[in-house]
Amino acid sequence: QSLLGKIPRGKVSTYKILAGKLGVHQRAVAAMLKKNNPKSAPCYKVVASDGKIGGYSGAGGVKRKISLLRADGIEIKAGRIDLNRFLFKF
């Protein structure tokens, strides 16, 4: 969760990047985030490596995730985020 807090406003990271930092498989990151409390760590800032939104287990589901991303200033076009503009690398 501390890694999530390092993602600045207006940026996202990917399951793959987080998995590499933690030394686990990408699916393990997804499983961890599914159990995360979205109020304490900004798990909505984690997206797929191809820029797709991915899932969200917080209240409101993916629609809520999109709303939170847009509130952070992240543009979403055709269900994707331009990772050239919005990707944060640790």
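Sequential numbering from 1 along the given sequence is applied to the chain's residues.
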Ignoring hydrogens and angles, write down the donor-acceptor pairs under 3.5 Å from the side chains of residues 71-85, residues two or more places apart or on other chains.
from: Asp72; atom 1: OD1; to: Arg9; atom 2: NH1; distance (Å): 3.0
from: Asp72; atom 1: OD1; to: Tyr44; atom 2: OH; distance (Å): 3.4
from: Asp72; atom 1: OD2; to: Tyr44; atom 2: OH; distance (Å): 3.0
from: Asp72; atom 1: OD2; to: Lys45; atom 2: NZ; distance (Å): 3.4
from: Glu75; atom 1: OE1; to: Arg85; atom 2: NH1; distance (Å): 3.0
from: Glu75; atom 1: OE2; to: Arg85; atom 2: NH1; distance (Å): 3.4
from: Arg80; atom 1: NH1; to: Asp50; atom 2: O; distance (Å): 2.9
from: Asp82; atom 1: OD1; to: Asn84; atom 2: N; distance (Å): 2.9

Kindly list each side-chain donor-acceptor pair under 3.5 angstrom involving residues 12-20, sequence neighbours excluded, with atom names and distances?
from: Thr14; atom 1: OG1; to: Lys16; atom 2: N; distance (Å): 3.4
from: Thr14; atom 1: OG1; to: Ile17; atom 2: N; distance (Å): 3.0

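With sequence neighbours left out, the side-chain hydrogen bond (donor to acceptor under 3.5 Å, both in side chains) criterion links Arg70 to no other residue. Partners of Ser67 according to the side-chain contact (heavy atoms from CB on, under 4.5 Å) rule, which considers only residues two or more places apart in sequence or in another chain, are Arg64. Listed by chain and residue number, nothing satisfies the salt bridge (charged side-chain N to carboxylate O under 4.0 Å, His left out) test with Lys89 (two or more places apart in sequence, or in another chain). Partners of Ala31 according to the side-chain contact (heavy atoms from CB on, under 4.5 Å) rule, which considers only residues two or more places apart in sequence or in another chain, do not exist here.
Within the structure, every pair that satisfies the ring-ring contact (aromatic ring centres under 6.0 Å, His included) test and touches residues 56-90, not counting sequence neighbours, is listed here: Phe88-Phe90.
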TODO: Applying side chain to side chain contact (heavy atoms under 4.5 Å, CB included), run through Lys21 and Leu3 and close with a yes or a no.
DONE: CA-CA 9 Å; Lys21 293 294 284 181; Leu3 282 177; 3.8 Å; yes
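With rounding to the nearest 0.5 angstrom, the SG atom of Cys43 is 12.5 Å from the CE atom of Met32.
In this structure, Pro42 and Ile7 have side chains that are not in contact, with every pair of non-hydrogen atoms separated by 4.5 Å or more.
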